[in-house]
Amino acid sequence: MTLQPKHPLPLTIVQTQKQEISCHHCNSDKFVKKRKSKKGHQIYICKSCGRHFTYNPDKIQYVVNPETEYKKDVWDCRNLGISPGVGCYSYRLTFLNISQIWLREATKRYIKFTLSTLSFSSGSEKLLAIKRLSRFLAESYPNISPQELNRSVIIDFLAYLASTDLSISTRRHSIGAIRGFLEMSYQNEWLEVSRYLIRDEDFPKIPKSLPRYIPEDVMQQLNQHLEHLPEPVMRMVLVLQECGMRISELLHLKADCLLQDKAGDWFMRYYQFKMKKEITIPISREVVQVIQEQLRYIKENLNIKFEYVFSSNQGGGWKNDFNPAPELMSRGAFSRYLNKLAESCNICDTSGNIWHFLPHQFRHTVGTRMINNRVPQHIIQRYLGHESPNMTAVYAHIHDQTMKEEIARYQGKIVNISGLVVEPNNIEADIADLQWFKKNIHAQALPNGSCALPTISQGCPHANACFTCAHFRTTSEYLAEHKQQLEHTNQIIQKAEANGWVRQVEMNQKVKTNLENIISVLEVDANDG
């Protein structure tokens, strides 16, 4: 989007001259020719933002002039100096299908206020809600005036919404938008309407929802067939599986997203468009390697500088004939890759139905896995970048057994194989308090404690060696299991000594020593509790 002078100017038409060509998205004058469009217009690729734009000498460009634009019945956000936002493919707001003139004019004032305080997408959603009200009034009360808009009419409108195929969430958003519109119309005297036409009890109750996570058997099938995806798409899936990002955040992941602290551990920094903030999370070395491989791939296959990690496919095919283009992939294209794979490789749920992948399912899956692996909810909240615990609760689909063990697991001391209490890491970090975050986010649950290795590490190469592994963590709730294990280990040592098995004695003696240290510390903790 090209922003013109900050101060409103008279609306004029500017014919684009050839020597004045610039990127329509970032206003950069650094670009290269790509190809001609079907209509014969030259298509360029911007070297700054990597996006395509078209040079059309007949195209009209408008100078930003909000006051003139607001008087129209169709608003173009580019003429208002407003960005449509990430993932929004429409630039316009149209009021033409609000048939009641009094409602249309008041709606313009309401949406104008909304655009000044919220986003373009919020304005679009609120406008759509008022259009629903307009459609209902045109059908049921064609000659109604604002003074006649009373509680009885609103109740009829609520019944009308309930008879549609709109989801409960959409209905709630519509009712909320219309309530805000009516209240502001009353306060600002846009309409002669009564107060409190819509009340709290008018909102349909939210059903108890379960997160739309990907079942583990479906995830296993997906991972078995990842090699059939183009390499960039495969890497996108691997990043989503660990990090639980929104698809818009992954598509806009910058090339400088990787950070490393003094201890050599890695973090990923990215921008959350929904929350309008930057977030930094600890990541495993496997994901670091995936991102670094993708950055090398981009550097080797694009002859211009590209500031993002992932790009689109110029060829448009879904198989391995991926030809990277210096522009961002659409979320729809990413979904098509996965669903084509599901069809071709017969990736099914337990009912035998082909699984339909949606990008946001990976975020739900990460949140659900973390809850079921007994990660505290406030840690998940921070990892996913949620503003409130209520947002995180959507992902908290906790198995019954997990719920029973959850409280006990995070009470008391956590000790390692030497019986030493593991405290939050307070070593000076390159980035604020991310060290403690790093140490708490990647723990895996074990039958007798937890492993501090990242969850992406599928399968420990050291069979039955937790009691000699520095990554092992445990708490007092497993005291009985440790005592039983110690008794069993003593029996093994006795038998090995009787048979002269020196190697077995040495190995199990280490286990015995560590178990005794663990039990000694945990017994003190249990008695103190």
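The basis for the numbers below is simple: all heavy atoms, side chains too, and nothing from hydrogens, waters or symmetry mates. Throughout, residue positions are numbered sequentially from 1 according to the sequence presented.
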task = Measure centre to centre between the rings of Phe273 and His252, then say whether the value is under 6.0 Å.
result = yes
inquiry  = Within the structure provided, determine whether Cys257 and Tyr270 are in side-chain contact (heavy-atom separation under 4.5 Å).
reply    = no
ask   = Is a donor on one side and an acceptor on the other found under 3.5 Å between the side chain of Arg151 and the backbone of Leu197?
value = yes
Least distance between heavy atoms, Pro324 atom then Gln314 atom = O-OE1, 4.3 Å
query = Mind checking whether Phe357 and Phe362 have parallel, tilted or perpendicular rings, split at 30° and 60°?
reply = parallel
inquiry  = Taking the side chain as everything from C-beta on, heavy atoms only, tell me whether Leu127 gets closer than 4.5 Å to Thr94.
reply    = no
message = Is it true that Tyr110 and Asn188 share a donor-acceptor pair across their side chains at a distance under 3.5 Å?
response = no
ask   = Any donor-acceptor pair under 3.5 Å linking the side chain of Arg269 with the backbone of Ile279?
value = no
ask   = What residues form a side-chain hydrogen bond (donor to acceptor under 3.5 Å, both in side chains) with Gln361, not counting sequence neighbours?
value = Trp355
task = Search all heavy atoms of Ile98 against all heavy atoms of Ile130 and return the closest pair with its distance.
result = CD1-CG2, 4.3 Å
task = Measure from the side-chain N and O atoms of Trp75 to the backbone N and O of Glu69, and report whether any donor-acceptor pair falls under 3.5 Å.
result = yes
ask   = Between the main-chain N or O of Tyr196 and the side-chain N or O of Glu183, is there a donor-acceptor pair closer than 3.5 Å?
value = yes
query = For Glu139 and Pro142, which heavy atoms make the closest approach, and how far apart are they?
reply = O-CD, 4.5 Å
task = Report yes or no: does Gln294 contribute a side-chain atom to a donor-acceptor pair with the main-chain N or O of Val309 at less than 3.5 Å?
result = yes
inquiry  = Check this for me, if you would: do Asp76 and Arg78 make a salt bridge, where the nitrogen-to-carboxylate-oxygen distance has to be below 4.0 angstrom?
reply    = yes
request  = Evaluate the ring planes of Phe322 and Tyr337, with Trp represented by its six-membered ring, and classify them as parallel (under 30°), tilted (30 to 60°) or perpendicular (over 60°).
outcome  = tilted
inquiry  = Between Glu148 (side chain only) and Ser145 (backbone N and O only), is there a donor and an acceptor less than 3.5 Å apart?
reply    = yes
inquiry  = Taking side chain to side chain contact (heavy atoms under 4.5 Å, CB included) as the definition, give me every residue that meets it alongside Pro359, ordered by chain and number, with sequence neighbours left out.
reply    = Ile247, Phe334, Ser335
request  = State, without any angle test, whether Ser134 and Gln100 hold a side-chain donor-acceptor pair at a distance under 3.5 Å.
outcome  = yes
ask   = Is Arg363 reaching over with its side chain to a backbone N or O of Leu384, donor-acceptor style, under 3.5 angstrom?
value = yes
key: Where Cys243 and Ile283 come nearest, the two heavy atoms and their spacing   = SG-CG2, 3.9 Å
task = For the pair Thr170 (side chain) and Leu166 (backbone), establish whether a donor and an acceptor sit closer than 3.5 Å, ignoring hydrogens and angles.
result = no
ask   = From Ile347 CD1 over to Met219 CE, what is the distance, rounded to the nearest 0.5 angstrom?
value = 10.5 Å
inquiry  = If only side-chain N and O atoms count, and only distance matters, is there a donor-acceptor pair under 3.5 Å linking Arg132 with Ser174?
reply    = yes
query = At what distance, to the nearest 0.5 angstrom, does CG of Asn313 lie from CD of Glu327?
reply = 10.0 Å
Any donor-acceptor N/O pair, Asp349 side chain to Ser351 backbone, under 3.5 Å = yes
query = Roughly how far, to the nearest 0.5 Å, is the NZ atom of Lys108 from the NZ atom of Lys72?
reply = 11.0 Å
task = Please determine if Asp202 and Arg179 form a salt bridge, counting it only when a charged side-chain N lies under 4.0 Å from a carboxylate O.
result = no
message = Please give me the minimum heavy-atom distance between Ser311 and Ile298, naming the atom from each residue.
response = OG-CD1, 3.7 Å
message = Give me the atom names and distance for the closest heavy-atom approach of Tyr186 to Val193.
response = CD1-O, 3.1 Å
ask   = Hey, are Ser119 and Ser122 close enough side-chain-wise for a donor-acceptor pair under 3.5 Å?
value = yes
ask   = Is a donor on one side and an acceptor on the other found under 3.5 Å between the side chain of Ser163 and the backbone of Tyr160?
value = yes
